[in-house]
Each structure stands twice: as C-alpha cells, then as structure tokens.
Amino acid sequence: MINSLTLFVTYIKNFKVLNQVRCASQVLPQFSSEKYKVKRKPFGTIEASDVDYFKTVLSEDRVLTDDNDVLPFNIDWIKNCRGQSKLVLKPKTTQEVSTILKYCNQKRLAVCPQGGNTGLVGGSVPVFDEIVLSFMLMNKIISFDEISGALICEAGCILENLDNYVRERNLIMPLDLGAKGSCHIGGNISTNAGGLRLLRYGNLHGSVLGVEAVKADGTVIDCLKSLKKDNTGYHLKHLFIGSEGTLGLVTKVAIHCPALPKAVSVGFFGVEKFEDILRLYANAKSSLGEILSAFEMADNDSISSTAKNLKLPNPISDYPFYVLLETHGSDEAHDSEKLTRFLEKEMESGLILDGTVTSDPAKMQTIWNLRENIAAAGLVEGYMFKYDVSLPLRNYYSLVPLLRQRLGAKASRVYGYGHVGDGNIHINVIVPKYSPEASSMLEPYIFEEVAKLKGSISAEHGVGFRKPQFIHYSKDANALQLMQQLKQLMDPNGILNPYKVLPEI
Ligand code: FAD
Ligand code: 2HG
Ligand code: ZN
C-alpha cells in the first residue's frame with residue numbers, strides 16, 4: 001500500500017488560489033451577445049428613475065451601479081460568458097424580492113438571478129442589460145430540527161457553511177460539490193446540482209422538502225413544508241428544482257440532512273482500461289453494498305494535469321485511469337477492513353493495478369482535492385470547452401477518444417472524468433485560444449453523438465445560456481412545448497432569466 005501523501009492543501013485554500021489564477025490569468029471575456037450572436041429582446045431599459053425606485057426598496061448600498069462593482073456579476077466562473085448589466089440588486093428578504101419583481105414585471109425589465117456564480121453553463125450571468133438579482137445577503141439559517149434532519153434556510157446560504165453548521169449537530173448536507181465554498185443552496189436547487197455523492201444520497205428532487213419561491217409578478221409561493229410526506233395535489237416545489245431561475249426565484253429552502261457518517265474511508269486506485277472501471281463498479285456495489293458513497297473516475301490526463309498545474313500530490317503513480325471510491329458507514333474498523341479487502345481482491349483479479357486506502361481525514365482530503373480540482377486546473381492551460389453529459393455506462397468514456405481523434409492537434413488536451421455511479425461524465429477540451437472554428441468542430445457534433453447513444457446533453461450542470469439551442473437533442477418536441485407553456489403561465493412577460501434554458505421558438 002502506498003502512503004506517500006505529504007502535502008495537505010485544503011480545498012478551500014485551493015479554491016481561493018484557483019480563483020486568483022482564474023482572475024489574474026485571463027483578459028475580460030468577449031460579450032456573450034457578440035460571441036454567440038444573440039439579439040436583445042424588447043425589454044424595457046433601466047432609467048435613473050428605476051434606480052431611484054430600487055433605492056427606496058433596498059438601502060443605497062444594496063443597489064450597485066458602479067461599473068467596477070457590477071463587473072464581477074457580469075462574468076461567469078469559467079470566464080466564458082459576459083453580460084452587460086448596469087445594475088445589481090441585493091435583497092435581504094423575500095418581501096424585497098417580491099417588490100422588485102412586481103416592479104420589473106410591470107416595467108418589462110428583465111432579471112438575472114444569481115447565487116454563488118459558479119454555474120458552468122452561463123445561466124448565472126446576464127446576456128444584455130438584465131438586472132442582476134444577487135442572493136448573497138439572503139444567507140440566514142431559519143431553523144434546524146436535529147431529530148428529523150430538516151434544515152430551513154434562505155436561498156443565499158453557502159453550501160459549505162450549511163454543511164459546517166449541520167456537521168456540528170451530527171448531520172451532513174445531502175449534496176457536496178467542488179464549488180461548495182462559493183455556491184448557494186438556492187443555486188444548487190435552481191440547477192438541481194448533482195455532485196460527488198448523489199450515488200448515495202440521491203438527487204435534490206428527493207432531499208428538498210420544500211421551497212418558497214417568488215413568481216415573475218411578485219407573488220410569493222409558499223411550499224416551504226418540512227414534511228417528508230405531502231401529497232396535497234401537484235408537487236409544485238419540483239418546478240423550481242432545476243429550472244435555473246426561469247420560472248421563479250427560490251428564496252427559502254427546506255432540505256433533509258442525513259446522519260453524519262461515523263466512519264469514512266477513501267480508496268484511490270490505478271486502473272488499466274475503462275472496461276475495468278465498469279467491472280470494478282459492479283464489484284464495489286456488491287462487495288461494499290450500502291456503505292458505498294461515491295464512485296468517481298478520472299483518466300490519466302485529468303489527474304496528471306491537475307497534479308502538475310496545481311502542484312497537488314498524486315498518492316499513487318501514473319496509470320491510464322483512476323478510481324476514487326468512498327464509503328460512509330458506522331463502523332470504522334469494519335468499513336476500512338471491507339474496503340481494504342476489496343482492494344486486495346481486485347488487485348489479485350488484476351482490475352486494480354495499484355492503490356491506497358485511508359481513513360485519515362487529511363489524507364482523504366488530499367485525494368478529494370485532486371479530484372475536485374480537475375474542473376478548474378485546466379483553466380491555466382488555455383481556453384476550456386466543458387461538457388457535462390450522461391451516457392449509458394457501457395458508452396460512458398466513448399466520446400473522449402472520439403473527440404481526441406476529431407480535434408487532433410487543434411486541442412492541447414481532451415480529458416474525461418466524472419461520476420461513474422450516475423453515468424455522468426465531464427469532458428473538458430482545452431485549446432490554446434477560443435475560436436469559432438474549434439467551437440464548431442465540437443458543437444453540435446458532441447450533442448449529436450450523445451443523442452445517438454441515448455444520453456443526455458446535460459447531466460447535472462443545466463442548460464443555462466450555452467445549451468438551449470441543443471436541448472432538442474435530449475427533449476422531445478411535445479415536452480419542449482409543455483416547457484414553453486409552463487414558462488408562459490408563470491412568467492408571461494419572459495422577464496426571468498431570458499435567453500436561458502428554453503430555445504427560441
Ligand atoms: P449560480 O451559478 O449563481 O446560478 C446557477 C443558475 O441558477 C443560474 O441560472 C441562476 O440564474 C440560477 N439561480 C441561482 N440562484 C437562484 C435562486 N435563488 N433562484 C432562482 N434561480 C437561481 N455542479 C454539479 O451539479 N455537480 C458538481 O459536482 C459540480 N462541481 C462544480 C465544481 C466547480 C469547481 C465549479 C466551479 C462548479 C461546479 N458545479 C457542479 C456547477 C455549479 O457549482 C452548480 O451548478 C451550482 O449548483 C451553482 O450554484 P450557484 O449558487 O453558484 O448558482
Ligand atoms: C465536477 O464533477 C463538476 O467536478 C465540474 O461537476 C465538472 O467542470 C467540470 O467540467
Ligand atoms: Zn460533476
């Protein structure tokens with residue numbers, strides 16, 4: 001067993017470092033409207049009188065109009081999209097959100113809701129001059145029931161802060177993702193974020209107990225029940241989970257928190273070929289059963305470039321593929337013995353070439369750091385195209401070699417990694433510089449291939465601004481029509497996050 005972990009960089013530090021690298025290393029992105037050739041819809045334009053009105057609703061310091069103050073709200077995390085908003089509003093209460101929306105609806109002013117701005121499909125930033133409504137000041141925990149595990153909080157609470165809060169009370173948040181230090185629970189719900197442990201704790205349609213949301217006309221919809229069972233008619237909360245701010249703004253959330261596992265172990269394995277990962281996954285499910293909490297994979301390029309770019313240690317040496325496997329259980333000796341036995345057995349079978357198993361928190365964190373930072377590490381190498389698709393498991397990795405071949409020397413790197421347990425692969429393609437040619441070699445080609453394989457063009461990141469024109473690869477025409485009808489019903493003037501999710505008719 002290899003235990004050469006010497007450098008313990010916490011995720012939070014990495015996230016900050018990465019943000020600095022990201023901000024320092026790139027010039028301002030091109031305006032989305034020019035890059036993607038979008039025409040402004042006939043919304044109202046903001047006038048001085050509108051700003052004056054918002055200053056009466058919010059205090060002056062919560063109405064941002066200075067270009068430098070507004071700029072960060074116009075640019076997305078990956079620095080791919082850039083809007084031209086001139087106004088950011090920071091409400092503190094549901095009532096303020098409601099008053100703002102009522103006014104915007106009457107004056108046909110478009111609004112872009114923004115949480116932690118970590119979204120990866122351009123949904124969180126404006127395209128033109130939409131008003132940014134930031135949830136960053138709606139960050140209070142309202143109540144927590146330690147017995148049932150029901151947490152009720154405002155939408156702008158940062159996921160990691162919530163997790164720290166409930167951990168102190170022996171529970172955990174039911175989702176975890178690399179952006180936890182910045183993303184908001186309201187953003188998570190609006191994107192139906194998946195993350196690293198969906199395999200174990202399920203998706204947000206299951207763990208969200210209730211939401212409070214504000215419709216485009218300012219009406220507050222109170223579905224903030226914290227009951228596990230509530231079959232009183234239509235399950236309206238689901239309309240807001242994953243609708244990316246196009247049907248209503250989520251202001252409060254009730255969510256079920258599972259128990260803090262008493263025992264956590266992590267295994268990190270080197271594997272020869274992708275087919276072996278699938279066999280390992282099947283074996284892990286049967287050998288580890290209910291304690292399996294994550295089964296992640298990454299190819300060599302993902303891990304070696306992340307280790308190199310961010311100077312993170314790789315606890316095992318170079319292999320074509322890697323598997324990160326985690327268990328959440330209640331008996332440390334029993335669980336780590338189970339995992340060690342699994343490692344030994346699969347090393348004997350030849351599915352695992354080498355590996356390490358640990359229950360040491362710092363060492364587990366080091367392994368997770370390597371995995372969680374893949375998303376960002378490539379940003380230092382050039383322009384990154386990101387794809388987030390789900391595919392039948394037997395075809396899970398098939399697009400990576402296909403894209404490598406198609407792009408040849410035009411791409412400096414094409415790599416795949418993701419949540420095997422959810423059939424969700426992330427494919428990152430790095431080119432030295434953005435060009436429409438590179439883009440047209442990738443899109444719609446990749447989505448056509450996903451459709452041929454009966455996958456989904458968005459597994460967990462959403463549709464946002466980048467994918468509405470491709471949504472038909474995964475949604476049937478009648479389903480799309482129903483989506484349009486729902487939008488018309490809930491937001492007849494189309495002021496909520498325009499240019500996102502729904503394709504142009
Ligand atoms: P934003 O980015 O601010 O917004 C996302 C969308 O939701 C936008 O359309 C926005 O308009 C809307 N929105 C935000 N708040 C509200 C609200 N209160 N009401 C209505 N609409 C709202 N995603 C995953 O699913 N799994 C992962 O493992 C994962 N890992 C990531 C790792 C990194 C390093 C990064 C940068 C991103 C990752 N993401 C992942 C993507 C992103 O973090 C998630 O989509 C997250 O849920 C977005 O939350 P946010 O608060 O940043 O939302
Ligand atoms: C992850 O699983 C995230 O790390 C981000 O969903 C994926 O950035 C990506 O491509
Ligand atoms: Zn992911």
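In this text the structure is predicted, and so the values were computed from the model without any measurement. Read the numbers this way: they start at 1 and go in the same order the structure lists the ligands and their atoms.
Contacts between N497 and ligand 1, counted as non-hydrogen atom pairs separated by less than 4.0 Å, involve the side chain only. Using a 4.0 Å cut-off between heavy atoms, E372 makes no contact with ligand 1 at all. At a 4.0 Å heavy-atom cut-off, ligand 1 touches V250 through backbone and side chain alike.
The shortest heavy-atom contact between H461 and L120 is CE1-CD1, 3.4 Å. Of all the heavy atoms in S124 and G119, the pair that sits closest is OG-N, 4.4 Å. The minimum heavy-atom distance linking S98 with G218 is given by the pair OG-O, 2.6 Å. Shown here for E296 and V420, the closest heavy-atom pair between the two residues is C-CG2, 4.3 Å. Among all heavy-atom pairs drawn from A451 and Y473, the shortest one is CB-O, 3.7 Å. In plain terms, the two heavy atoms of F274 and F321 that are nearest each other are N-CE1, 3.5 Å.
Proximity of a side-chain donor or acceptor of Y396 to a complementary backbone N or O of N424 within less than 3.5 Å is detected. The backbone N or O of G416 lies less than 3.5 Å from a partner atom in the side chain of D299, making a donor-acceptor pair. Looking at N309, its side chain does come within 3.5 Å of a backbone N or O of A377 through a donor-acceptor pair. Using modelled atom types, no side-chain atom of K35 and backbone atom of P29 make a donor-acceptor pair closer than 3.5 Å. Panel note: side chain E244, backbone V463; a donor-acceptor pair is recorded below 3.5 Å. Under the 3.5 Å distance criterion, the side-chain polar atoms of S435 are matched with a main-chain donor or acceptor of A438.
Aromatic rings from F54 and Y103 are positioned such that their centres are separated by under 6.0 Å.
For E460, a nitrogen or oxygen atom sits less than 3.5 Å from a nitrogen or oxygen atom of ligand 1, counting backbone and side chain alike. Where the criterion is an N or O separation shorter than 3.5 Å, residue side chain and backbone included, G123 meets it with respect to ligand 1. Between S190 and ligand 1, at least one N/O pair is under 3.5 Å apart. For G195, a nitrogen or oxygen atom sits less than 3.5 Å from a nitrogen or oxygen atom of ligand 1, counting backbone and side chain alike. Close N/O approach between E244 and ligand 1 is found [any backbone or side-chain N/O within under 3.5 Å]. Backbone and side-chain nitrogen or oxygen atoms of G119 are examined, and one is located within less than 3.5 angstrom of a nitrogen or oxygen of ligand 1. Polar contact check, L120 against ligand 1: no nitrogen or oxygen pair lies under 3.5 Å apart. In terms of polar-atom proximity, defined here as any N/O pair under 3.5 Å, A375 makes no such contact with ligand 1. At under 3.5 Å, not a single nitrogen or oxygen of A179, backbone or side chain, sits near a nitrogen or oxygen of ligand 1.
Using a 4.0 Å heavy-atom cutoff, G194 is listed among the residues neighbouring ligand 1. At least one heavy atom of H461 sits closer than 4.0 Å to an atom of ligand 1.
Summarising the geometry, atom CD belonging to Q114 is positioned 12.0 Å from atom CG belonging to L89; distances are rounded to the nearest 0.5 Å. For the atom pair E212 CD and L249 CG, the distance stands at 11.0 Å (nearest 0.5 Å). One distance of note links CD1 of I189 with NZ of K237; it measures 10.0 Å at 0.5 Å rounding. How far CG of L64 is from CG of L58: 10.0 Å, rounded to the nearest 0.5 Å. Rounding to the nearest 0.5 Å gives a distance of 6.0 Å between NZ of K92 and CG of L137. K215 contributes atom NZ, which lies 5.5 Å from atom CD1 of I221 (distance to the nearest 0.5 angstrom).
Among L177, L204, I185, the residue whose heavy atom lies nearest to atom 30 (N) of ligand 1 is L177.
Contact atoms of ligand 1 toward G245: 20 (C), 21 (N) (distance under 4.0 Å to a heavy atom of the residue). Those atoms of ligand 1 with a heavy atom of A193 less than 4.0 angstrom away are 25 (O), 47 (O). Residue L249 approaches ligand 1 through these ligand atoms, each under 4.0 Å from one of its heavy atoms: 19 (N), 20 (C). Residue contact check: G248 has heavy atoms under 4.0 Å from atoms 20 (C) of ligand 1.
Within 4.0 Å of ligand 2, contacts by protein heavy atoms are made from L120, R371, A375, K386, Y417, H419, H426, N428, E460, H461.
Counting only protein N, O or S atoms closer than 2.8 Å to the Zn ion (ligand 3) gives 3.
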